[in-house]
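As the structure is a computational prediction, the values presented were derived from the model and not from experiment. For ligands, and for the atoms within them, numbers begin at 1 and follow the listed sequence.
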Amino acid sequence: MKSRLVALEEGKGPSPITIIKTNQARVLPLIILQYLMTFLGVGIVFSILSMFMIRYLGVQNVVPVAQSVVHPCYGDQSSLESWIRPPSTMMHTMNDTELFWRASFVPRIEEYPFERTPKIAFMFLTRGPLPMAPLWERFFKGNEGFYSIYIHSLPNYQANFSPSSVFYRRQIPSQVAEWGKMSMCDAERRLLANGLLDISNEWFVLLSEACIPLHNFSTIYRYMSRSQYSFMGSVDERGPYGRGRYNANMAPEINITEWRKGSQWFEINRKLATDVVDDKIFYPKFEKYCRPACYVDEHYFPTMLSIQSPRLLANRSLTWVDWSRGGAHPATFGKADIKEQLFKRFFDGKTCTYNNENSSVCYLFARKFAPSALEPLLENASKVFGF
Ligand SMILES: *[C@@H]1O[C@H](CO)[C@@H](O)[C@H](O)[C@H]1NC(C)=O
Ligand SMILES: *[C@@H]1O[C@H](CO)[C@@H](O)[C@H](O)[C@H]1NC(C)=O
Ligand SMILES: *[C@@H]1O[C@H](CO)[C@@H](O)[C@H](O)[C@H]1NC(C)=O
Ligand SMILES: *[C@@H]1O[C@H](CO)[C@@H](O)[C@H](O)[C@H]1NC(C)=O
Ligand SMILES: *[C@@H]1O[C@H](CO)[C@@H](O)[C@H](O)[C@H]1NC(C)=O
Ligand SMILES: *[C@@H]1O[C@H](CO)[C@@H](O)[C@H](O)[C@H]1NC(C)=O
């Protein structure tokens, strides 16, 4: 380009054309510079934008190109920090095989070389909305750093919590889960696996959209953190709904005397959560031989953990539920049921063992509550539940 300009200038002496050309010679580097600056600017804006998208919008909302561009920005693998920081987004792109493999990592040196505050992972297994969310918001308030929240809902459900909500962007990649089928246990394992990705999660509690907390956060945290046992309901029940659901094809891995039944709503520690996620022994047996009328979500985890780690189990659930009306489903409580006498049933007249001692605090959560129960529960929460 320069040589062309020089050639033109060496031409036929001064003329109007030459004047224009000399002007061009001065202006052109400036234009090139402007172009370069524009490119640089666009580049910087794009990088900042994609960094923002990765962090705040979740990986799945970003096109694959942006992912590969941005990857080096947040993965500083040279510091310990990168191994202990929880994932910045719940919406990863791992499938179950990849997720479970990643979640099964366990450090062999038991002492953590950093200040670790053990957290409770609250795992909500839901269909769609969380009608009790305002009650939970109040429960969690002021306890940041001591809990994590994970929500598994129907895959096509779009949650719209505000950015100030504790439930904001806590949805994990989900699949359809059907009651009584293996897809339900898959969903529970998916919740556990996502929770295991955060090294600080120590206790994992499964809840539904119809569950409420019965105590304030500090009471629940103390109860779980000081327990020597995990709270998995597990009984050897005779009769058609217990041992009657056992299939002899499950032997030799599972003997009829080892067959257990328990409520789906459990609380387990990090070790047991890892055991559930990496199980390859019992899963195929249950998948193949425990189908309705064998309801796998009532048997798989209680049986498996009772065989592997019986001494770590309290064999009872922390979630209060009312089966007294009979039938296949427990009672649901609506607005009219939220009365003194119901509160009495949560707290009074029952004793259980806690760390091998008698205790009157047996339940930390209760179910099932209809959306109409929210308002009276909120009104009574500070007096009855202490939050
Ligand atoms: C996940 O992806 C890997 C690699 O593509 C594949 O081998 C595996 O079967 C997938 N797992 C599931 C559950 O789809
Ligand atoms: C939680 O409840 C317990 C027992 O009811 C009470 O002693 C404690 O002060 C409460 N904690 C907070 C932070 O409100
Ligand atoms: C099942 O348990 C019973 C009683 O503990 C025992 O006699 C039997 O050998 C066991 N069967 C298998 C297949 O392990
Ligand atoms: C729970 O049941 C198992 C047998 O399945 C037993 O070994 C264990 O001691 C029980 N746990 C408690 C706390 O009693
Ligand atoms: C717990 O209570 C039962 C009666 O309900 C009693 O027999 C037992 O000795 C008590 N255990 C302890 C450790 O206090
Ligand atoms: C709970 O709140 C309702 C108002 O929604 C009130 O009428 C009722 O007395 C309260 N119950 C208790 C036990 O405080």
**Q** Among Glu111, Glu110, Glu202, find the one that has a salt bridge (Lys or Arg N to Asp or Glu O under 4.0 Å) with Arg116.
**A**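 Filter result, single survivor: Glu202.
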**Q** Report yes or no: do Asn216 and Thr219 form a side-chain donor-acceptor pair below 3.5 Å?
**A**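 Present: a donor and an acceptor within the cut-off.
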**Q** Of the side chain and backbone of Arg311, name the one, both, or neither that has a heavy atom under 4.0 Å from an atom of ligand 4.
**A**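 It is neither; nothing of Arg311 touches ligand 4.
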**Q** Any idea how Tyr221 and Trp203 line up, ring-wise: parallel (<30°), tilted (30 to 60°), or perpendicular (>60°)?
**A**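 It falls in the perpendicular class, over 60°.
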**Q** Can you confirm, on distance only, whether ligand 4 has an N/O atom lying under 3.5 Å from any N/O atom belonging to Ala314?
**A**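 For ligand 4, there is no N or O atom that lies under 3.5 Å from one belonging to Ala314.
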**Q** Kindly assign one of parallel, tilted or perpendicular to the pair Trp101 and Phe105, based on the angle between their ring planes and the thresholds 30° and 60°.
**A**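 Trp101 and Phe105: perpendicular rings.
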**Q** For ligand 1, which atoms, with element, lie under 4.0 Å from some heavy atom of Glu98?
**A**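 The atoms of ligand 1 under 4.0 Å from a heavy atom of Glu98 are 2 (O).
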**Q** Is there a chain of hydrophobic side chains (I, L, V, M, F, W, Y, each step under 4.5 Å between heavy atoms) that links Val205 to Val321?
**A**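 As far as the 4.5 Å side-chain criterion goes, Val321 and Val205 are not connected within one cluster.
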**Q** Aromatic rings His215 and Phe347: how do their planes relate, parallel, tilted or perpendicular, breaks at 30° and 60°?
**A**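 Geometry flag for Phe347 against His215: perpendicular rings.
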**Q** N/O of Asp96 under 3.5 Å from N/O of ligand 1, yes or no?
**A**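 Checking ligand 1 against Asp96, no N or O pair falls under 3.5 Å apart.
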**Q** Listing by chain and number, which residues have a heavy atom under 4.0 Å from ligand 2?
**A**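 These residues qualify: Asn216, Ser218, Thr219.
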**Q** Side chain or backbone, does Asn315 bring an N or O within less than 3.5 Å of an N or O on ligand 4?
**A**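 Checking ligand 4 against Asn315, an N or O pair does fall under 3.5 Å apart.
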**Q** Might you confirm whether atom CZ of Arg102 has over 12 heavy atoms from other residues, nucleotides or ligands at distances under 6.0 Å?
**A**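 Yes, because the 6.0 Å sphere around CZ of Arg102 holds more than 12 heavy atoms from other groups.
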**Q** For residues 344-356, pull every pair meeting salt bridge (charged side-chain N to carboxylate O under 4.0 Å, His left out), keeping only residues two or more places apart or in separate chains.
**A**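 Only Asp322-Arg345 qualify under salt bridge (charged side-chain N to carboxylate O under 4.0 Å, His left out).
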